[in-house]
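Report on the structure given below.
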2 protein chains.
Amino acid sequence: MTAADKRAESKAKYNAFLAVCPSQKLLDRISDKWVTLIVTALGSGPDCSGDPRAMRYSELARTLAGVSPKMLTQTLRSLELDGLVSRTATPTVPVTVTYELTDLGLSLLQLIRGLKSWAETHMDEVLANRDLAVGHSA
Amino acid sequence: MTAADKRAESKAKYNAFLAVCPSQKLLDRISDKWVTLIVTALGSGPDCSGDPRAMRYSELARTLAGVSPKMLTQTLRSLELDGLVSRTATPTVPVTVTYELTDLGLSLLQLIRGLKSWAETHMDEVLANRDLAVGHSA
DNA sequence: CAGTATCCAGCTAGATACTG
DNA sequence: CAGTATCTAGCTGGATACTG
């Protein structure tokens, strides 16, 4: 029992450490599919080329074709909460709302572009290994 | 109906695009909590300092205190499949198995260290924004 | 236009117990 | 030591329908 308790305790400590670890928090953030897509969209449309620009809610919804209003709002809110995007509501007749990357968001965009670049140079190799193994069983 | 069909179609196309997109695949990979932890562990123990080294199964299990054998094996297998780690079984009396980063794995390690570095410089700012908003309601 | 509210289904991490 | 097998519970994404 004591040995089991020790294990349980070190596990709890480790989990506590992970809960605080900045890297894990970052991973939690960007592992959300829509986070990266929204950031890159605001960073210049879906193809990641061009300059950052503000976009309206419906514009984002159209660009990220598969997103439900729920996820779009939820993700935008969390990004706003984290100071990564800023929301601007203009009181026109139907209200106009735009979202834009903050400086912090732009910094994250650079990081994501780094990921993208690694992915483009190395993921084919990863997939090649995977397919190789699959072909094995054929 | 036709408008709805159009929307459904573009959504399907977008999802298909995402399924193929190298960046999304990379994100899928590293968003797995244990993937990054194992890679950094093999990259030098849990604190990410020091040099990459091979580790035994039980050594990994001890380092990643909270991991179940199931997840550890599952993650190691997938990393092996993707050519990110190599598995070596030495036929000693109880068999000895070690895992080590491949070149591709080492490359991924560099990327993860980049993430870690961004996290350490910027996540406190993100969290500060978040806490600010929380404090609001207090 | 820019959301909000609700409900449901699928995946998957984790616990646990057993094995060559 | 180095795993494999099974079961379950919880979270989360998606669909849908409605609103200021």
Side-chain angles (χ1 to χ4, degrees), chain A residues 1 3-5 7-8 10-12 14-15 18-19 24 27-38 54-81 85-100, chain B residues 1 3-5 7-12 14-15 18-19 24 27-29 31-38 54-81 85-100:
Chain A
M1 286 302 168
D5 286 351
R7 249 176 284 125
S10 61
K11 181 185 296 188
Y14 192 70
N15 285 334
L18 288 181
Q24 285 301 315
L27 253 354
D28 278 353
R29 223 64 252 293
I30 63 179
S31 67
D32 181 340
K33 174 183 169 186
W34 299 116
V35 165
T36 52
L37 291 172
I38 289 177
M55 290 177 79
R56 301 179 60 170
Y57 183 91
S58 52
E59 212 175 347
L60 282 167
R62 232 172 303 116
T63 304
L64 314 176
V67 74
S68 62
K70 175 189 166 187
M71 289 314 295
L72 184 52
T73 301
Q74 184 175 305
T75 310
L76 285 169
R77 288 282 182 277
S78 70
L79 290 173
E80 198 190 349
L81 189 64
V85 308
S86 62
R87 192 188 107 114
T88 311
T90 312
T92 48
V93 163
V95 63
T96 304
V97 179
T98 61
Y99 294 91
E100 191 168 13
Chain B
M1 286 301 166
D5 286 351
R7 251 177 283 124
E9 192 188 314
S10 61
K11 180 185 297 188
Y14 192 70
N15 284 336
L18 288 181
Q24 285 300 316
L27 253 354
D28 279 353
R29 224 62 253 293
S31 69
D32 181 341
K33 173 184 170 185
W34 300 116
V35 165
T36 52
L37 291 172
I38 289 177
M55 289 178 80
R56 301 179 59 171
Y57 183 91
S58 51
E59 213 176 346
L60 282 167
R62 232 172 303 118
T63 304
L64 315 176
V67 74
S68 63
K70 176 189 164 185
M71 288 316 293
L72 184 52
T73 302
Q74 185 176 304
T75 310
L76 284 169
R77 288 281 183 278
S78 72
L79 289 173
E80 198 190 347
L81 188 64
V85 308
S86 62
R87 192 188 107 114
T88 313
T90 313
T92 48
V93 163
V95 64
T96 304
V97 180
T98 62
Y99 294 90
E100 191 167 13

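Each chain gets a letter, A, B and so on, in the order its sequence line appears, and its residues count up from 1.
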By side-chain contact (heavy atoms from CB on, under 4.5 Å) - contacts of A/K70 (at least two apart): A/S68, A/Q74

Can you name the side-chain hydrogen bond (donor to acceptor under 3.5 Å, both in side chains) partners of A/E59, sequence neighbours left out? A/R53

Check side-chain hydrogen bond (donor to acceptor under 3.5 Å, both in side chains) between A/T96 and all other residues, then give those that pass, not counting sequence neighbours. A/T92

Can you pull every protein N or O that's under 3.5 Å from an N or O on nucleotides 6-13 of chain D?
| from | atom 1 | to | atom 2 | distance (Å) |
| --- | --- | --- | --- | --- |
| D/dG13 | N7 | A/K70 | NZ | 3.2 |

The helix from C/dC1-D/dG20 to C/dG20-D/dC1: angle between its terminal axes, five pairs each, to 10°? 50°

Knowing that exactly one of A/M55, A/R56, A/R87 qualifies, which makes a side-chain contact (heavy atoms from CB on, under 4.5 Å) with A/V97? A/R87

With B/Y57, which residues qualify under side-chain hydrogen bond (donor to acceptor under 3.5 Å, both in side chains), at least two apart? B/T73

Given that B/R77 and A/V95 both sit by DNA chain D, which one's nearest nucleotide is further toward the 5' end? B/R77

Partners of A/T90 by side-chain hydrogen bond (donor to acceptor under 3.5 Å, both in side chains), sequence neighbours excluded? none

Regarding B/S58, tell me which of base, sugar-phosphate or nothing describes its non-hydrogen contacts under 4.0 Å with the strands shown. sugar-phosphate

How would you list, by chain and number, every residue that makes a salt bridge (Lys or Arg N to Asp or Glu O under 4.0 Å) with B/E9, sequence neighbours excluded? B/K13

Partner residues of B/A54 under the side-chain contact (heavy atoms from CB on, under 4.5 Å) criterion, sequence neighbours left out: B/T98, B/E100

Answer with base, sugar-phosphate or nothing: what part of the nucleic acid does B/T92 contact at a heavy-atom distance below 4.0 Å? nothing

Applying side-chain contact (heavy atoms from CB on, under 4.5 Å), name anything that partners B/A19, two or more places apart in sequence or on another chain. none

Taking any atom under 4.0 angstrom from a heavy atom of chain B, which nucleotides of DNA chain C are the first and last to qualify, 5' to 3'? C/dA13 to C/dA15

Taken in chain and number order and not counting sequence neighbours, the residues that satisfy side-chain contact (heavy atoms from CB on, under 4.5 Å) with A/Q24 are A/L18, A/C21, A/L27, B/K33, B/T36, B/L37

Could you say whether A/R62 or B/V67 is positioned toward the 5' end of DNA chain C, judged by the nucleotide with the nearest heavy atom to each? A/R62

